[in-house]
Amino acid sequence: MKSFIDYSLLKHNTFGIDAKCQRYIEYATEDDAVLLACELKKPFMVIGGGSNLLLTKDYEGTVVRSAINGCEQLSDDGNDVLVRVGSGEEWDAMVAHFVENGWYGAENLSLIPGDVGASAVQNIGAYGMEVCQLIERVEAVEIGNGRKVSFSTAECQYGYRQSRFKNEWKGRFLITYVTYRLKHEFSPRIDYGNVQQELKSRGIDKPTASELRQVIVDIRKAKLPDPKEQGNAGSFFMNPVVSRSKFESIQKEYPQMPHYFVDDEHEKIPAGWMIDQCGWKGRTIGHAGVHDKQALVLVNRGSATGQEIVNLCQMIQNDVLERFGIEIHPEVNIV
Ligand code: EPU
């Protein structure tokens with residue numbers, strides 16, 4: 001187990017905020033996770049790749065991160081492959097590994113930053129896919145007693161960017177392994193956003209999995225800033241799900257508004273579109289800004305404090321509420 005005192009989290013948050021924690025611990029095996037779970041005292045915070053984290057001040061407690069690596073094939077029935085992955089593996093490296101091995105299903109989730117464990121907490125999603133559609137089981141260790149537990153996907157209660165780990169189970173478990181069910185047969189999902197259009201422009205009719213992965217990578221790179229160049233945490237806000245009557249009243253005024261069907265009573269509206277309509281795209285307040293290619297992404301223009309980004313977030317929330325009567329909420333964890 002690695003352990004550091006008075007440790008800078010600069011390398012552990014993609015917003016590039018230089019905040020410290022009192023203690024930082026990495027567990028690299030399940031046995032370490034058990035030991036740590038027995039001795040961990042509050043306050044503590046579990047992080048992944050720090051790609052969904054906004055630090056507003058030094059953290060007066062222990063920051064914990066998984067460094068459990070490895071990817072093991074558990075079974076293969078000729079159709080489905082079950083693959084068990086250490087929670088400390090980088091998600092996108094795993095997507096690349098799955099594609100290389102002919103294990104399909106994760107391509108649309110290419111280039112999403114962060115670790116495997118965090119992706120199962122956050123239920124990462126993109127281009128019509130959510131990771132919960134691939135998850136078979138999540139293994140963890142219970143904080144306080146070190147008990148090993150294993151949850152089915154249903155028990156994790158996944159929803160749009162939601163899981164039980166983010167809600168009633170918050171602070172209860174250290175995730176150790178995630179098992180995915182992947183397919184030998186490749187059935188591409190290309191009906192979302194501009195994926196099909198991008199494939200067409202490359203003269204690709206029926207993409208292979210690596211071609212689809214490449215298209216997703218390129219679309220993301222064109223829209224989303226590279227955290228190494230400009231600190232950010234991807235989408236800052238969640239897309240709000242609103243009642244059908246609310247949606248219809250806004251649509252009357254904005255017939256061009258993009259939207260996604262949720263169920264008979266609800267529709268999802270892209271927060272990025274609303275923020276863009278409010279004139280925020282590309283703006284800068286102090287050292288915090290709104291990305292010029294995608295208004296859902298807040299960026300650190302260099303030496304921004306976490307508080308500056310929170311202030312910008314609040315200004316945007318107020319404007320969206322005033323103009324559309326909709327509250328938007330951060331996807332990013334603000335600490
Ligand atoms: N739009 C604008 N202006 C903007 C941004 C978006 O008009 O500045 C419009 C777009 O033209 C499009 C719609 O809003 O019609 C949706 O935009 P986009 O396809 O870029 O997706 P998003 O809703 O902004 C979500 C996810 C992303 C994911 C993409 C693609 C959330 C919070 N975000 O973004 O996930 O990559 O869809 O599937 O659901 C992330 O979570 O960090 C993330 C990047």
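Order of listing sets the numbers, starting from 1, for every ligand and every atom in it.
The closest approach between Gly125 and ligand 1 falls below 4.0 Å for a heavy atom of the residue.
In Tyr260, the part holding a heavy atom less than 4.0 Å from any atom of ligand 1 is the side chain. Of the heavy atoms in Lys281, only side-chain atoms (C-beta onward) come closer than 4.0 Å to ligand 1. If you look at Ala295 next to ligand 1, the close heavy atoms, those under 4.0 Å, come from the backbone and the side chain alike. Heavy atoms of Ala126 found under 4.0 angstrom from ligand 1 belong to the backbone as well as the side chain.
Look at Asp80 and Lys183 and you find a salt bridge, because one of the NZ, NE, NH1 or NH2 atoms lies within 4.0 Å of a carboxylate O, short of that distance. Salt bridge present: Asp218 and Arg202 bring a charged side-chain N and a carboxylate O closer than 4.0 Å. Between Arg213 and Asp92 there is a salt bridge, since at least one side-chain N of the basic residue sits less than 4.0 Å from a carboxylate O of the acidic one. Salt-bridge check for Lys223 with Glu198: failed, with every basic side-chain N at 4.0 Å or more from each acidic carboxylate O.
Taking every non-hydrogen atom of Tyr160 and a distance limit under 4.0 Å, the qualifying atoms of ligand 1 come out as 31 (C), 32 (C), 39 (O). Near Tyr192, the atoms of ligand 1 lying under 4.0 angstrom from a non-hydrogen atom of the residue are 38 (O). Contact atoms of ligand 1 toward Phe237: 32 (C) (distance under 4.0 Å to a heavy atom of the residue). Here is the list of ligand 1 atoms found below 4.0 Å of a heavy atom in Gly234: 42 (O). In summary, the atoms of ligand 1 found under 4.0 Å from a heavy atom of Asn239, numbered by their order in the structure, are 23 (O), 31 (C), 39 (O). Ligand-side atoms of ligand 1 in range of Pro270: 13 (C), 14 (O), 16 (C), range being under 4.0 angstrom from any heavy atom.
Taking distance alone, with nitrogen or oxygen atoms compared against 3.5 Å, Ser235 approaches ligand 1 more closely than that limit.
Between Trp273 and Tyr260, the distance from one ring center to the other does not fall under 6.0 angstrom.
Taking all heavy atoms of Lys223, Arg220, Gln256 into account, the minimum distance to atom 19 (O) of ligand 1 is reached by Lys223. Which of Arg161, Met238, Met274 comes nearest to atom 31 (C) of ligand 1 through a heavy atom is settled by distance: it is Arg161.
Protein heavy atoms come within 4.0 Å of atom 40 (C) of ligand 1. When distances from atom 11 (O) of ligand 1 to the protein are checked, no heavy atom turns up under 4.0 Å. Under the 4.0 angstrom criterion, atom 43 (C) of ligand 1 counts as having a protein heavy-atom contact.
Checked by atom type, the side-chain pair Asn318/Gln314 shows no donor-acceptor distance below 3.5 Å. If you check the side chains of Ser87 and Asp115, you find no donor sitting under 3.5 Å from an acceptor.
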